[in-house]
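See below for the structure under consideration.
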Amino acid sequence: MTDTSTDAPIRLVPEGMEQDGPMFGLVPGLRTGDLIFVSGQLGIEEDGTIPADGARQSELAFEALRRVLAEGGAALADIVHLQTFHKGGMAVTNEWFLPVKARYLPAPFPTWTGVGVADLGGEGALIEIGAVARVSSRSPR
């Protein structure tokens, strides 16, 4: 990680996520000052497949989110705003999403915007998770 004392944004690309930028025209995360903005993360297995199970997708997406935050010196506990996109609507997906979310983000809770959508950017994707985090003195370095 480079020096964060300047105002220049730092692109956060954890190992294994290098192909995402050129393929989709994005960076997995961006740190500017003490804020980290994380692009939406899908629940993708190491072999590149998306499991059919929504709860498993949620776990994988939270793990990807954790990796991007760690690259910028933060943790899940540093999230101040969570954004989730649910294929098929939130009433259905929250049955399996909320228990997973509770394991990864216990109280105190961040703000949260969840949106039901018609489609996501991966074949079979049911959930996409993005976030904004604030690096704090309790964050791992």
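Reckoned from all heavy atoms, side chains included, excluding hydrogens, waters and symmetry mates.
No continuous path of hydrophobic side-chain contacts links Trp112 to Leu120 [ILVMFWY only; heavy atoms under 4.5 Å]. Leu98 and Leu105 fall within the same hydrophobic cluster, where Ile, Leu, Val, Met, Phe, Trp and Tyr residues are linked whenever their side-chain heavy atoms come under 4.5 Å apart, directly or through other members. Taken together through direct or relayed side-chain contacts under 4.5 Å among Ile, Leu, Val, Met, Phe, Trp and Tyr, Leu42 and Val13 form parts of separate hydrophobic clusters.
A donor atom on one side chain and an acceptor atom on the other are not found under 3.5 Å apart for Trp96 and Ser58.
Listed for the Ser39 side chain is a donor-acceptor partner under 3.5 Å among the backbone atoms of Val27. For Thr84 (side chain) and Ile127 (main-chain N/O), no donor-acceptor pair under 3.5 Å exists by modelled atom type. A distance-only check finds a donor-acceptor pair linking the side chain of Gln83 to the backbone of Ala131 [under 3.5 Å]. Remark: the backbone N or O of Leu30 is not paired with any side-chain donor or acceptor of Arg11 at under 3.5 angstrom. With hydrogens and angles disregarded, no donor-acceptor distance shorter than 3.5 Å links the side chain of Asn94 to the backbone of Phe97.
With Ile79 as the fixed residue, the side-chain contact (heavy atoms from CB on, under 4.5 Å) test singles out one of Ile36, Val38, Val132, Leu65: Leu65.
Across every non-hydrogen atom of Glu123 and Ile50, the tightest pair is O-CD1, 3.6 Å.
Under the salt bridge (Lys or Arg N to Asp or Glu O under 4.0 Å) criterion, Glu18 pairs with no residue at all, not counting sequence neighbours. With sequence neighbours left out, Tyr104 forms a ring pair (Phe, Tyr, Trp, His ring centres under 6.0 Å) with Phe62.
No side-chain heavy atom of Pro28 sits under 4.5 Å from any side-chain heavy atom of Leu12.
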